[in-house]
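When a residue number appears, it is its place in the shown sequence, counting from 1.
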Amino acid sequence: MSAPPAPAATAPPPPRTSPPATGSTSAAPLRRRRRPLRSRLVPYLLLVPALVPLGVGLGYPLVRQFVFSFQEYGLAQQFGRPAEWVGLDNYVTLLSDPYVWGVIARSIAFCLVNAALTMALGIALAVLMTKVGRGARITLQVGMLLAWGTPVLATMTVWQWLFDSQYGVVNWVLAEPLGMEGQRGHSWLIEPLSFYAVATVIVVWMSVPFVVFTVYAGLLQVPEECMEAAQLDGASSWQRLWGLALPMIKPVLFVVALLQVIWDLRVFTQIHVLQRAGAPTRETHLLGTYIYSLSKEFSMAGAMATIMLVITLVLTTAYIRRMLREEEA
């Protein structure tokens, strides 16, 4: 008998390997997930066309202004005389002058009053636009667009006619229908207090449309379900506005208030035109017009402009911090 066939050889089992540790990654997946350097730089390269004009248009004048503020730079330096480096002398001269502090105080007070009035009237008109019918709402929107889109100098001409001492409509209304004979021929620009009252009316009138349209757009984003639920719970219209609608658009209100503070602190055209109409210049200067009056001394004007920049940053820092906290929350 033949011998039985030998059993077939079997391959040895593969060696056991321990599974990879949790969280460990191989080199290949790392190389696949890592984006190439070119793709990471593309978003920054796309910002260059916007950043270059911004840096040239804003950065260069800001740097030159800052350098001027540490030099003795006037008309003579424009014709070739070298500018002398004087360090902090320009700042010391300005900040040691009581008149400069008066201008700063008037500017801050004017800014805060105008910003507060603009925000109050703007919010009120925005709420009104959500309550009235379509015809009244369109009429309000067209009127505010016309007030907003009219050139500043054309607007100032109209307001000067309204407040003219001899033929102004305001004096006529106060003297004739209301019987205030003391207002007949009254000059609104001679006294600083009445000057700033007229300037406040003009600045607020020109600034309110921006606040109205922005806040109105924010109010349209408030969910109707929330307002209806609050109404069913017994909340009045005033409670729904202050307790629900305005808190929901708080980021919009912060941004608008921040812009108003910046714009009202830097107001120039309205004050300058009213000064040229016959107001006492020295008693009615704000920061913008005072810097313009220093235009022959570039170094002093640069120092004053830098001081105004610092004041703007101080006034807006609280708003910016609060906005950042609201976004993080």
Mind checking whether [X] and [Y] have side chains closer than 4.5 Å, heavy atoms only?
{"X": "Tyr290", "Y": "Leu94", "result": "yes"}
{"X": "Asn114", "Y": "Val267", "result": "no"}
{"X": "Leu145", "Y": "Pro209", "result": "no"}
{"X": "Met144", "Y": "Met129", "result": "yes"}
{"X": "Val169", "Y": "Trp161", "result": "no"}
{"X": "Leu246", "Y": "Ile123", "result": "yes"}
{"X": "Trp159", "Y": "Val201", "result": "yes"}
{"X": "Asp164", "Y": "Asn171", "result": "no"}

With sequence neighbours excluded, tell me which residues meet ring pair (Phe, Tyr, Trp, His ring centres under 6.0 Å) with [X].
{"X": "Phe70", "value": "Phe66, Trp85, Tyr91"}
{"X": "His272", "value": "Phe268, Tyr292"}
{"X": "Phe110", "value": "none"}

query: Glu176: what forms a salt bridge (Lys or Arg N to Asp or Glu O under 4.0 Å) with it, not counting sequence neighbours?
result: Arg184
Do [X] side-chain atoms and [Y] backbone N/O form a donor-acceptor pair below 3.5 Å?
{"X": "Gln239", "Y": "Ser236", "answer": "yes"}
{"X": "Asp264", "Y": "Leu112", "answer": "no"}
{"X": "Ser207", "Y": "Val204", "answer": "no"}

Same apolar cluster: [X] and [Y], side chain cutoff 4.5 Å:
{"X": "Val52", "Y": "Val63", "value": "no"}
{"X": "Leu309", "Y": "Ile262", "value": "no"}
{"X": "Met304", "Y": "Leu62", "value": "no"}
{"X": "Leu313", "Y": "Leu287", "value": "no"}
{"X": "Val86", "Y": "Phe68", "value": "no"}

statement: Residues passing the side chain to side chain donor-acceptor pair (under 3.5 Å) test with Ser187, sequence neighbours excluded, are none
How close do [X] and [Y] get, counting heavy atoms only, and between which atoms?
{"X": "Ser69", "Y": "Gly302", "result": "CB-C, 3.8 Å"}
{"X": "Gln275", "Y": "Thr284", "result": "NE2-OG1, 3.1 Å"}
{"X": "Pro61", "Y": "Val56", "result": "CD-O, 3.5 Å"}
{"X": "Gln71", "Y": "Ser299", "result": "O-CB, 2.7 Å"}
{"X": "Ala50", "Y": "Pro53", "result": "O-CD, 3.5 Å"}
{"X": "Pro280", "Y": "Leu189", "result": "CD-O, 3.2 Å"}

message: Against Leu259, only a single residue in Val261, Val256, Val255 fulfils side-chain contact (heavy atoms from CB on, under 4.5 Å); can you say which?
response: Val255
- request: Give the intermediate values and the outcome of side-chain contact (heavy atoms from CB on, under 4.5 Å) for residues Asp89 and Glu72.
  value: CA-CA 9 Å; Asp89 289 353; Glu72 183 65 35; over 6 Å; no
message: Show, in sequence, the C-alpha distance, side-chain angles and deciding distance for Ile307 and Leu95, and conclude whether the side-chain contact (heavy atoms from CB on, under 4.5 Å) test is met.
response: CA-CA 9 Å; Ile307 293 172; Leu95 296 179; 3.8 Å; yes
Enter the distance from [X]:[atom1] to [Y]:[atom2] here, rounded to the nearest 0.5 Å.
{"X": "Gln260", "Y": "Cys111", "atom1": "CD", "atom2": "SG", "result": "9.0 Å"}
{"X": "Leu258", "Y": "Leu253", "atom1": "CG", "atom2": "CG", "result": "12.5 Å"}
{"X": "Thr93", "Y": "Leu88", "atom1": "OG1", "atom2": "CG", "result": "10.5 Å"}
{"X": "Leu274", "Y": "Thr269", "atom1": "CG", "atom2": "OG1", "result": "10.5 Å"}
{"X": "Thr150", "Y": "Leu146", "atom1": "OG1", "atom2": "CG", "result": "6.0 Å"}
{"X": "Phe298", "Y": "Arg64", "atom1": "CZ", "atom2": "CZ", "result": "10.5 Å"}

message: Other residues, nucleotides and ligands only: do more than 12 of their heavy atoms fall within 6.0 Å of CG on Leu193?
response: no
Phe195 and Ile271: CA distance, side-chain angles, deciding distance, side-chain contact (heavy atoms from CB on, under 4.5 Å) verdict: CA-CA 9 Å; Phe195 172 89; Ile271 304 299; 4.1 Å; yes
- request: Verify side-chain contact (heavy atoms from CB on, under 4.5 Å) between Gln221 and Ile249, making sure each step is shown before the conclusion.
  value: CA-CA 8 Å; Gln221 305 304 314; Ile249 63 169; 5.8 Å; no
message: Enumerate the side-chain hydrogen bond (donor to acceptor under 3.5 Å, both in side chains) contacts for residues 95-112, please, sequence neighbours excluded, ordered by first and then second residue.
response: Arg106-Tyr196
